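In this text, all values refer to a predicted model and were calculated from it rather than measured experimentally. In what follows, chains carry the letters A, B, and so on, assigned in the order in which the sequence lines appear, proteins first and then strands, with residues in each chain numbered from 1.
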There are 2 protein chains.
Amino acid sequence: MAYRKTPTEVRRLAAARERLVDSATAVVAEVGWTQASVTAVADSAGIAAGSVYQHFPSKAALAVEVFRRAAGREVDVLGEVLHHPDGSPVERLARGVEVFARRALENRGLAYALLAAPAEPAVGAERLDFRRRYRALFTDVLHEGMAAGLLPAQNGEITAAALTGAIGEVLVDPLGAHDENDVDELLAELVAMALRCAGAPPETPPQTPPDTPRA
Amino acid sequence: MAYRKTPTEVRRLAAARERLVDSATAVVAEVGWTQASVTAVADSAGIAAGSVYQHFPSKAALAVEVFRRAAGREVDVLGEVLHHPDGSPVERLARGVEVFARRALENRGLAYALLAAPAEPAVGAERLDFRRRYRALFTDVLHEGMAAGLLPAQNGEITAAALTGAIGEVLVDPLGAHDENDVDELLAELVAMALRCAGAPPETPPQTPPDTPRA
DNA sequence: GTCTATAGAAGGATAGAC
DNA sequence: GTCTATCCTTCTATAGAC
């Protein structure tokens, strides 16, 4: 090691840290927070257990970083779908819910860890913070939908919180189950529930003739 | 003490344990899980810190007991309201949501601890278990509503999970805020959201004249 | 006299203050 | 970086019930 870190050293350290976070994420996705011991994570990253503490002051700090990275990706994806320039607010809401749920079901272990798995209080605090971000994203789209006359008058923040909680809770059981029975049906039901929750009329109303071609 | 515990002793011990659980519940409601130290709880119960371990093998076990008692009361109350002999399934659902939320808002500290506050993994596992019970209660009422033709066809278990998650998440922020601004409006919005989520038509449709006095 | 719940202090670990 | 304070837990002596 050098007295003053060279750019090469800095990059090498950052890369090692990245590998550590990635490995820890993989371990958490596979065995959950409680089973993800420091030694298991270090083994997965190919370093000694003690070396973990060169990059993070505690196991909890590493867990928080793992959570932030993974949850941040989902917030980004959901934000992009919800704020996409094309489509009505209601269409974007439906698509956002579907994309979020599909991604969760494609990486069940990680999604379960992020959404529901019992974890130390530091991770729990992070969970609360990220749920706030999901609520903010939904709030925007709901307000757009109300402004466009597509959604009935409602308290957007309350419905946004409801959607956040509802989607997470609906996914808990399917994420726990290891068999993928009827993912498409689940997604359809979930999206339908979300649209009902927001007050969007059913897409194909049986009684009313579709005289308005552009909903 | 005696070779064999007398009934008096057994009762005295059970009472001491009850006092401990009650005191711990009060402390948790006031300062949260993380700040509820063994010494603080023991002081509140009027016993020494070490004596806690005569009743519970660990702090986590006491925390789990506190959670079970408090959450169990709410499950019981919700179950009674949802399964009440009077009223349509939709009316009972609305009333259940309102009662649940009102009780939470009347004991904010405890409700926050039960619903959202970061806690040790043992309590987190208990949370998952109790959410399953809430879902089961809602599932029954939703199926009743569908059978009675009051709710559209839907996957009852998914909507029940959605309601469970939605109600909890909506309450998180109001429970954290210490000022009680517009509890009635919050309750009205929450109930309206829950009914939308279940697919119940709005209670006072603007077009249709209210020719049916008893809904 | 014997046994056990309790109180109080000590132990080991950890987090925060300086 | 060190040091203190506090945390959970264990241990020991006491006191009270049989």
Side-chain angles (χ1 to χ4, degrees), chain A residues 1-5 9 13 17 20 24 28 33-42 48-68 118-129, chain B residues 1-70 109-110 112-114 117-127:
Chain A
M1 292 289 184
Y3 286 97
R4 192 176 303 179
K5 292 190 178 68
E9 274 303 288
L13 269 177
R17 200 186 127 110
L20 177 55
V28 167
W33 299 107
T34 55
Q35 298 291 328
S37 66
V38 173
T39 52
V41 168
S51 303
V52 169
Y53 293 89
Q54 297 278 342
H55 300 282
F56 293 94
S58 68
K59 179 189 170 182
L62 171 57
V64 165
E65 182 68 16
V66 166
F67 188 97
R68 281 204 186 126
E120 54 210 320
V123 172
E126 213 62 29
R127 227 177 234 155
L128 286 178
D129 194 51
Chain B
M1 294 288 174
Y3 290 92
R4 192 175 305 182
K5 290 192 178 71
T6 69
T8 311
E9 273 304 288
V10 171
R11 257 185 283 113
R12 204 187 60 79
L13 268 177
R17 202 186 124 110
E18 290 301 300
R19 264 202 313 280
L20 177 55
V21 173
D22 289 347
S23 296
T25 304
V27 172
V28 166
E30 193 167 354
V31 300
W33 299 108
T34 56
Q35 298 291 329
S37 68
V38 172
T39 52
V41 168
D43 285 352
S44 169
I47 64 176
S51 302
V52 169
Y53 293 85
Q54 293 288 338
H55 299 283
F56 294 94
S58 69
K59 181 192 174 181
L62 171 57
V64 165
E65 182 67 16
V66 167
F67 188 97
R68 283 205 184 125
R69 295 277 185 97
L110 186 58
Y112 189 77
L114 296 180
E120 52 210 324
V123 172
E126 215 60 30
R127 228 178 234 152

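With salt bridges taken as basic N to acidic carboxylate O contacts below 4.0 Å, one links B:E18 and B:R69.
One distance of note links CZ of B:R17 with CG of B:L62; it measures 8.5 Å at 0.5 Å rounding. Taking CD of B:E65 as the reference point, atom CG of B:L20 lies at 10.0 Å (rounded to 0.5 Å).
Taking atom CZ of residue B:F56 and atom P of nucleotide C:dT6, one finds them 12 Å apart after rounding to whole Å. For the pair B:R12 CZ and C:dA5 C1', the interatomic distance rounds to 7 Å; values are reported in whole Å. One atom, CZ of B:R11, and another, P of D:dA17, lie 14 Å apart when rounded to the nearest Å.
Counting heavy atoms of neighbouring residues, nucleotides and ligands inside a 6.0 Å radius, atom CD of B:E30 does not exceed 12 of them.
The shortest non-hydrogen separation linking B:V28 to B:A36 is CG2-CB, 3.9 Å. Closest approach of B:S37 to B:K59, counting heavy atoms only: CA-NZ, 4.3 Å. A:P121 and B:E120 get closest at one heavy-atom pair: CG-N, 4.1 Å.
Pairs of residues two or more places apart, or lying in two chains, that qualify as ring-ring contact (aromatic ring centres under 6.0 Å, His included) and include a residue from residues 41-67 of chain B are B:F67-B:F130.
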Measure all distances between protein nitrogen or oxygen atoms and nitrogen or oxygen atoms of nucleotides 6-12 of chain D, and list the pairs falling under 3.5 Å.
unit_1	atom_1	unit_2	atom_2	d
D:dC8	OP1	B:K59	NZ	2.4
D:dC8	OP2	B:V38	N	2.7
D:dT9	OP2	B:Y53	OH	2.3
D:dT9	OP2	B:K59	N	2.9
D:dT9	O5'	B:Y53	OH	3.3

Give me, pair by pair, the N or O atoms of the protein and of nucleotides 1-4 of chain D that are less than 3.5 Å apart, along with how far apart they are.
none

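Using a 4.0 Å cut-off, some side-chain N or O of B:H55 falls inside it from OP1 or OP2 of C:dT6.
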